[in-house]
Amino acid sequence: MDKKNIGLRRMWDKVRNWWLGSKAEPHVKAPVRFTNFLLLAFAGKSRRDYVTLPNNFDLKLLKTQYPPENYGFRHGIVFRDFKVLYILHLLSSIPGRNSDLISESGFIPIHTPTLQRHMRDYNLYLDYLVNTGVLVCDGQYIAGKRSRGYKWAPRYENSVYESKLVLIGDYSQDSQIDSAEDRENYPYLFYWYDQKKLQIDGQAYGYAESIRRIRMQDSTRASWDWNRDKHQYKNPSTQYMAVIRNISKITSQDYEPHIDGNVHRLHSVLTNIQKDFRNFITYDEQQLVGIDIKNCQPYLTCLILNLGFWDRDSGLPLTLYNLPDNIQQLFASEQLKEHVHRYFATLTDSDIAAYKQLVSSGHIYEEIRDIANGQITPGQVRIERDDAKILMFYLLFSGNRGQHDDPMINNLKRIFTTELYPKVAELFRIIKRNYSDCPMEDPHSRLSRMLQAIESTIILHKCCKRIWVEREHTIPIFTIHDSIVTTQEHYEYVRQVMHEELTRYIGMPPSLSIETWNIANLNQNILLS
């Protein structure tokens, strides 16, 4: 029986039991909570949750000033507060879960076909919020490519935001909820979240407001964060809403752990919250330490540069055929396999030895930076480590054709592919091509999805499982994609496990960095402002 039918059956059982009880004892009234439950059941799905809202927003006052019946809610159409609040909560929950969606303008894309599956009358609520001056819409819609963006109107945008416990629509996506099956199969990933001992210092709220204020006053935008995917700055007000949302999630012990069905990473509020704010987080009042793989994605390519990875019977502990089925399906092309085998037929150890040693050492970004700076002419701007990092992500995640918006990145790409590591770049191109016997809408994603699946396989199901078994469920661990977080007393053991498991499965030792989460790491002037 599926979840929907189970829910309906439970609802029917409650109604039936109440009805039979009322027949036996007619003087007994239905409990108020149960009556409300019935009303909500027939009115629509809802739940109580903490929602990030500006402190000067008052829905009750808004409805008094702008009666819904004058704004489209006529002829018996009932205005539901929880639907309005669900839409408003998207303005912080969408960027709170995916910071790559934060643009310079601050508009948040709302995918209305998804919204429509849950709320058929969503357009009435969006129109009401725009027409009453609560939201602003950018009006930029491109079918199949771009959703309309929404943001709070100026009178709300610069307010202090608070997390308020309200009744909102219960339209959670299945992909955002860890399933009972995952919990049963992977206790080593979920157990420590279930202990409800992750805490965040209340100073985080004030720090977030100070950062927002300082950045919004910076007309040069030099202090603004850069969105690598959108090639533009991230709006500080949107970042502020997102971080307030994530702080409140930890405060309310709603950590949202779940494994996605795409690259099988574990996502949680820890993976979503901005990096600086991790310094406010502790576990059971104990300091936390993160063990991170340096230049992780380039390092993981050492495995795919091994011919044995592409052979089901090679004897390697991890091959393409050990990865999840949906990842294997991306490579179900005989043409691709033929190109791969031709590639390895011409490959020598000397072609890739220097590259593998470099990514194993964790210094690939610094090497590219130094080589590129050695070739600049007078008057050209020197590149930084972050520029080289952008190049590597561009090589791994973008299409084979096309040009980057930044000429400097295009020049770095030329240096990497023609002068430094042409054979490495050749394999990347082979993997990202479109093949007629396995067509894909975005074939360039094949490489990045495979690397992320390799990462999740090793970090989640090799390292974390080993720690869980060896230390008999006594060491708290959490993951942030390519890093494992634990308490101060256990980080040396966790670091050792990661080093051994990564060396075993990738074939090259990793370079690991240690980061202690501590408020002392933050800008103390901002913290005290």
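The model shown is predicted, which means the values in this text are computed figures rather than measured ones.
- Side-chain contact, Tyr186 with His461: no donor N or O sits under 3.5 Å from an acceptor N or O.
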Q.
side chain to side chain contact (heavy atoms under 4.5 Å, CB included), that's the test. Do Arg446 and Met440 meet it? Break it down for me.
A. CA-CA 9 Å; Arg446 189 185 286 117; Met440 292 176 60; 3.1 Å; yes

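- Heavy atoms of other residues, nucleotides or ligands lying less than 6.0 angstrom from CD of Gln65 number more than 12.
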Q: Kindly determine whether Asp194 and Arg183 satisfy salt bridge (charged side-chain N to carboxylate O under 4.0 Å, His left out), including the steps that lead there.
A: CA-CA 10 Å; Asp194 292 340; Arg183 285 187 169 275; 2.6 Å; yes

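- Residues meeting the ring pair (Phe, Tyr, Trp, His ring centres under 6.0 Å) test with Tyr207, sequence neighbours left out: Phe277, Phe280.
- Using a 4.5 Å heavy-atom cutoff, the side chains of Leu451 and Tyr299 are not in contact.
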Q.
Applying salt bridge (charged side-chain N to carboxylate O under 4.0 Å, His left out) to Glu104 and Lys234, what does each step give before you reach the verdict?
A. CA-CA 5 Å; Glu104 193 168 334; Lys234 292 184 178 182; over 6 Å; no

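- Scanning for side chain to side chain donor-acceptor pair (under 3.5 Å) contacts around Arg215 gives Asp225, Gln239, with sequence neighbours left out.
- Side-chain contact check for Ser252 and Asp254: no donor-acceptor pair (N or O, by modelled atom type) lies under 3.5 Å.
- Taking both residues in full, the closest heavy atoms of Ile480 and Leu270 are given as CD1-O, 3.9 Å, listed atom of the first, atom of the second, then distance.
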(Q) What verdict does the side chain to side chain contact (heavy atoms under 4.5 Å, CB included) test give for Lys249 and Arg245, after you've listed the backbone C-alpha separation in whole Å, the side-chain angles of each residue and the deciding distance to 0.1 Å? (A) CA-CA 6 Å; Lys249 283 290 180 181; Arg245 180 259 183 195; 3.7 Å; yes

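- Applying the ring pair (Phe, Tyr, Trp, His ring centres under 6.0 Å) criterion to Tyr191, with sequence neighbours excluded, gives Trp468.
- Ring geometry for His267 versus His258: interplanar angle under 30°, hence parallel rather than tilted (30 to 60°).
- There is a side-chain donor-acceptor pair under 3.5 Å between Glu455 and Gln297.
- By the 30° and 60° cut-offs, the orientation of the rings of Tyr86 relative to His89 is tilted.
- Using modelled atom types, no side-chain atom of Asn55 and backbone atom of Tyr161 make a donor-acceptor pair closer than 3.5 Å.
- Between the side chains of Thr251 and Tyr205, at least one donor N or O sits under 3.5 Å from an acceptor N or O.
- Residues meeting the side chain to side chain donor-acceptor pair (under 3.5 Å) test with Tyr240, sequence neighbours left out: Glu209.
- Ring to ring, Phe79 and Tyr128 are close: their centroids are under 6.0 angstrom apart.
- The six-membered or imidazole ring of Trp226 lies near that of Tyr233, with a centre-to-centre distance under 6.0 Å.
- Scanning all heavy atoms of the two residues, the minimum distance from Cys463 to Val497 falls at O-CG1, 3.9 Å.
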Q: Please test Lys196 against Tyr255 for side chain to side chain contact (heavy atoms under 4.5 Å, CB included), starting from the C-alpha separation and ending with a verdict.
A: CA-CA 9 Å; Lys196 303 293 185 182; Tyr255 309 127; 4.1 Å; yes

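- Taken to the nearest 0.5 Å, the CD1 atom of Ile484 stands 10.5 Å off from the CG atom of Asp292.
- Shown here is Lys63, whose NZ atom has more than 12 heavy atoms of other residues, nucleotides or ligands within 6.0 Å.
- For the 3.5 Å distance criterion, the side chains of Gln140 and Arg148 fail to qualify, holding no donor opposite an acceptor.
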Q | side chain to side chain contact (heavy atoms under 4.5 Å, CB included) between Ile514 and Tyr491, worked out | A | CA-CA 9 Å; Ile514 308 298; Tyr491 85 87; 4.0 Å; yes

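- Between Ile87 and Met119 there is a side-chain heavy-atom pair separated by less than 4.5 Å.
- The two residues Val269 and Asn246 have their closest heavy-atom pair at CG2-O, 3.5 Å.
- Closest heavy-atom contact between Ile108 and Leu91: CG1-O, 3.8 Å.
- Open room surrounds CD on Glu285; 12 or fewer heavy atoms of other groups in view lie less than 6.0 Å from it.
- In this structure, Glu256 pairs ionically with Arg97, as a charged nitrogen and a carboxylate oxygen lie closer than 4.0 Å.
- Taking the side chain as every heavy atom from C-beta outward, Ser92 and Ile244 never approach each other to under 4.5 Å.
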Just list the side-chain donor-acceptor pairs under 3.5 Å for residues 323-330, sequence neighbours left out, or say none.
residue, atom, partner, partner atom, Å
Asn326, OD1, His264, NE2, 2.7
Asn326, ND2, Gly261, O, 3.3
Asn326, ND2, Asn262, O, 2.8
Gln328, NE2, Tyr321, O, 3.2
Gln328, NE2, Leu323, O, 2.8

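- In plain terms, the two heavy atoms of Asn521 and Thr516 that are nearest each other are ND2-O, 2.7 Å.
- Under the 3.5 Å distance criterion, with hydrogens and angles disregarded, no donor-acceptor pair is assigned to the side chains of Asn279 and Asn518.
- A donor-acceptor pair shorter than 3.5 Å can be found between the side chains of Asp218 and Ser223.
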Q: Run the numbers on Tyr71 and Thr132 for side chain to side chain donor-acceptor pair (under 3.5 Å), then give the verdict.
A: CA-CA 9 Å; Tyr71 289 84; Thr132 58; over 6 Å; no

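- Atom OH of Tyr50 is surrounded by 12 or fewer heavy atoms from other residues, nucleotides or ligands within 6.0 Å.
- Ser163 meets the side chain to side chain donor-acceptor pair (under 3.5 Å) test with Ser248; sequence neighbours excluded.
- At a threshold of 4.5 Å between non-hydrogen side-chain atoms, the residues Leu198 and Tyr193 count as touching.
- Under a cutoff of 6.0 Å and an axis angle of 45°, Lys83 and Tyr125 do not form a cation-pi pair.
- In this structure, Asn235 and Ser103 have side chains that are not in contact, with every pair of non-hydrogen atoms separated by 4.5 Å or more.
- With contacts defined as side-chain heavy-atom distances shorter than 4.5 Å, the pair Ile459/Ile293 qualifies.
- Put simply, the side chain of Ser147 does not reach to within 4.5 Å of the side chain of Ile110, judged on heavy atoms.
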Q: Please lay out, stage by stage, how Tyr493 and Glu470 fare under the test side chain to side chain donor-acceptor pair (under 3.5 Å).
A: CA-CA 11 Å; Tyr493 165 72; Glu470 276 189 358; 2.5 Å; yes

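- Here Asp49 pairs with Arg47 in a salt bridge; the nearest charged N to carboxylate O distance falls below 4.0 Å.
- Salt-bridge formation is not detected for the pair Arg212/Glu157: no Lys NZ or Arg NE/NH1/NH2 atom is positioned less than 4.0 Å from an Asp or Glu carboxylate oxygen.
- Pro95 and Ile102 get closest at one heavy-atom pair: CB-CG1, 3.6 Å.
- The shortest distance between side-chain heavy atoms of Pro54 and Trp152 falls below 4.5 Å.
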